[in-house]
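Structure first, commentary second.
These values consider heavy atoms only, across backbone and side chains, with no hydrogens, waters or symmetry-generated copies. Here is how names work: the chains are called A, B, and so on, in the same order as the sequence lines, proteins then strands, and each is numbered from 1.
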There are 4 protein chains.
Amino acid sequence: MARPRSPEKKEWIRKAAINLISEEGFHGVTTDKIAREAGVSVGTIYNYFENKEDIISYIFQVEHKKLNILFDRFQKKEISVPEKFKLLIEKYFKYVFNNEKLARIIHNETFRPGKKITREIFNYILAIRKYLKELVEEGIREGSIYPDYNLDMVVNFIMGLSFTTVVFGLTEPEEVEYIYKKAPEDIYNMLVRGIFVSER
Amino acid sequence: MARPRSPEKKEWIRKAAINLISEEGFHGVTTDKIAREAGVSVGTIYNYFENKEDIISYIFQVEHKKLNILFDRFQKKEISVPEKFKLLIEKYFKYVFNNEKLARIIHNETFRPGKKITREIFNYILAIRKYLKELVEEGIREGSIYPDYNLDMVVNFIMGLSFTTVVFGLTEPEEVEYIYKKAPEDIYNMLVRGIFVSER
Amino acid sequence: MARPRSPEKKEWIRKAAINLISEEGFHGVTTDKIAREAGVSVGTIYNYFENKEDIISYIFQVEHKKLNILFDRFQKKEISVPEKFKLLIEKYFKYVFNNEKLARIIHNETFRPGKKITREIFNYILAIRKYLKELVEEGIREGSIYPDYNLDMVVNFIMGLSFTTVVFGLTEPEEVEYIYKKAPEDIYNMLVRGIFVSER
Amino acid sequence: MARPRSPEKKEWIRKAAINLISEEGFHGVTTDKIAREAGVSVGTIYNYFENKEDIISYIFQVEHKKLNILFDRFQKKEISVPEKFKLLIEKYFKYVFNNEKLARIIHNETFRPGKKITREIFNYILAIRKYLKELVEEGIREGSIYPDYNLDMVVNFIMGLSFTTVVFGLTEPEEVEYIYKKAPEDIYNMLVRGIFVSER
DNA sequence: TATGAATGAGCGTTCATTCAT
DNA sequence: TATGAATGAACGCTCATTCAT
């Protein structure tokens, strides 16, 4: 199993898998289907991947890399933490909107239970949390984030807000566009002032 | 005159299924395993359930009923909407803490993709959204919730916050207790004033 | 398993089995279905029958008895062999017409292959062949049947003619009545002069 | 470039199925048994056939094709209809004698009741009836067949005679050879002059 | 004796993986 | 390296039979 000749073919397989898994779920898709969709034979899949699980692992691996690049770029931005979040949320929704199928997989398969949860999926989520945590800590330091929250929980809030908005959006396709366009602003406002009208 | 069909046995099966599905996921569990865990034969399962899918359907059905009772009780409370939410969130986390396995299933299987998503799971989620929506509308009417958000999105916020906190909590078992105990207050605060320190 | 109290119930089961097996075949019918159709519980079936196979065995047993009575009556008739056959064929078609479901079973299940072919079915067919053989021998003795045929084959002819007419009739329900009314005469004529016009 | 899909293997499966089904009946045979008998794995069966039913369907399909070739050849013969029948009957018995197991299946499974009767079996029988009917009509036209019989019934006669002779022959294996060798002549004679001695 | 819930061997079928070509 | 036929363990489910009531 030396280095495969054709990275191109690995891409075909990855994309085919994304298309199919996003629609039918990991368990609903067979290696045969993936091979057919990829225009490749089943055997070939096993030249590029150890096994079926490895495919979804790789899908997350690729996204993980993209994420790192994004985060690196953010690291260097000289803006306040709230503004970073604002931008980040916008990016996230843009990403979901433009990569609907991928987003669907990420949101559906992330919590696939059992021992079979791939290390790579776990790493992917961990990376997000780690970066957000750093950002929140920075925010607390610069005084732009309330310091009395549990740190992990703030991360959960932010991920949760976006994550769930997306997930519910994906289940109601007719509203997708509207929600995705409006969501970032709403989410940001929510992070600023909550939902409940507070008396001053 | 024969052995009476025992609701007891249906309970055994339901509980066995909850134990196993929470750990291995619906697809990772076989009817044989459920039968063994329930101390019952495979055949017996099919005496109480149409098919494997019907079991998870039933699990949600039971939770749905509990939910309705809860919501009915809330309907009658004469407190402000924010206070209702506060109570609701507390209830929710108490529930998750005491029904960890069930919670795990609810959070994992809710977005199981493919056509096979059970009607009952869908109804369960719908019921929650519907009730929350009513509550939010009430809050807007009474002036306790900012009226400029998209209504669906506010529901998403609230569900998302709680939902994701739970889900991430479930993946980091060592923090579970702390998170669950602290979460309700944090979430409520967040709904009141957001995360970002606002200037006055 | 002493003598059962209620021969009535055994009858219910037999009739239910006839109804169902005639439509779905022996393999297509479950003991549960038979019990339900009979208005009896599965357990009760096993009070009257050793096992499922035993039911079909019994169906043929009952018909066998009716047959013996019929044959005994024929034995005593003082008419020529061709006239006996004529009458016999008429009886047979009348029987099939009035007992369609039973006839269907007899014709379908008679040649059920495998070791499982019940002794009783075999005996039933044997009895028919034996009686016909005696009749043919009598016919040869009295000079009314050509003596140069193989004896078994003549029996086959006669059974085959009737048998197959019925079987094909049963598969084309719209012609049933016509065929059954016209068949006896045609079959008799055929036994008299064949099909091919012979020169004299 | 992979192992090519071998028609050879499909043949193995077909023949294994013939062997087993002829002895135990379609319902008595499992796909596992067929696979073992064919020297192939269960999975391979499903590479060549849609499902178990499809195997028996295919068996009849193959015979159907052979039949068409035979009938085509007969169509062209310039002999009288009775002579055609004579030849046809001889062919039929030769076929049965040389393909005992196949014949057993054809005769046993043809009238398998229930909705599951394969389209292919039905077509097979229909083809035979259709061809015989044409032949009978031709015979009536040329004056070699009595015109006062019901047409369908004449077909039944001929099929029935041969069919049943074979079926009964198959149940008494020790006589098989004798019966099959003698049968064609006897059947032909019977079609010529019947069984009963007619006075002139 | 009657009931019907309980049993579990056994079925047809699928599909991740292997391997001959 | 690519192919796709071959493999067979494993699955969901059925149903004849048993047995507690």
Donor-acceptor under 3.5 Å (C:Ser57 side chain, C:Glu53 main chain) | no
Report the residues that fulfil salt bridge (charged side-chain N to carboxylate O under 4.0 Å, His left out) with D:Lys65, sequence neighbours left out, ordered by chain and then residue number.
-> none
Quickly work out the B:Ile55 CD1 to F:dC11 C1' distance and round it to whole Å.
-> 14 Å
With a non-hydrogen cut-off below 4.0 angstrom, is D:Phe49 in contact with a base, only sugar-phosphate, or nothing?
-> nothing
Flag the pair C:Glu23 and C:Lys101 as a salt bridge only when some basic side-chain nitrogen lies within less than 4.0 angstrom of an acidic carboxylate oxygen.
-> yes
D:Ser6 or A:Val40, whichever maps to the more 5' nucleotide of DNA chain F = A:Val40
Can you name the ring pair (Phe, Tyr, Trp, His ring centres under 6.0 Å) partners of C:Tyr58, sequence neighbours left out?
-> C:Phe49
A:Tyr48 has a side chain; which of E:dA6, F:dG4, F:dT1 sits nearest to it?
-> F:dT1
Measure from CD on B:Glu8 to P on F:dT21 and round the result to the nearest Å.
-> 12 Å
Would you mind telling me which of F:dT7, E:dA6, F:dT3 lies closest to the side-chain atoms of B:Thr44?
-> E:dA6
Integer-rounded Å distance: F:dG4 C1' and A:Ile34 CD1 = 16 Å
Tell me whether the guanidinium CZ or amine NZ of D:Lys52 lies under 6.0 angstrom from the six-membered ring centre of D:Tyr46 and within 45° of its axis.
-> no
From E:dT3, F:dT7, F:dT3, pick the nucleotide closest to the side chain of D:Ser41?
-> F:dT7
Please confirm whether the backbone N or O of A:Leu102 pairs with a side-chain atom of A:Asn99, one donor and one acceptor, at under 3.5 Å?
-> no
Return the value, rounded to whole Å, for the distance between atom CD1 of C:Ile45 and atom P of F:dC19.
-> 18 Å
Using atom CG of A:Asn47 as one end and atom P of E:dT17 as the other, report the distance to the nearest whole Å.
-> 14 Å
Residue list, salt bridge (charged side-chain N to carboxylate O under 4.0 Å, His left out) with B:Lys66, at least two apart or on another chain = B:Glu63
Under the ring pair (Phe, Tyr, Trp, His ring centres under 6.0 Å) rule, collect the residues that match up with B:Tyr124, sequence neighbours excluded.
-> B:Phe60
Compare side-chain N and O positions of D:Lys9 against OP1 and OP2 of F:dA5 and report whether any pair is under 4.0 Å apart.
-> no
Per-nucleotide protein contact string for nucleotides 9-16 of chain E (B base, S sugar-phosphate only, - none; heavy atom under 4.0 Å) | --SBBBSB
Roughly how many Å is it from CD1 in C:Ile21 to P in F:dA16, rounded to a whole number?
-> 11 Å
Terminal helix-axis angle for the helix from E:dA2-F:dT21 to E:dT21-F:dA2, with five pairs defining each axis and rounding to 10 degrees = 10°
NZ/NE/NH1/NH2 to OD/OE distance under 4.0 Å, A:Lys15 and A:Glu37 | no
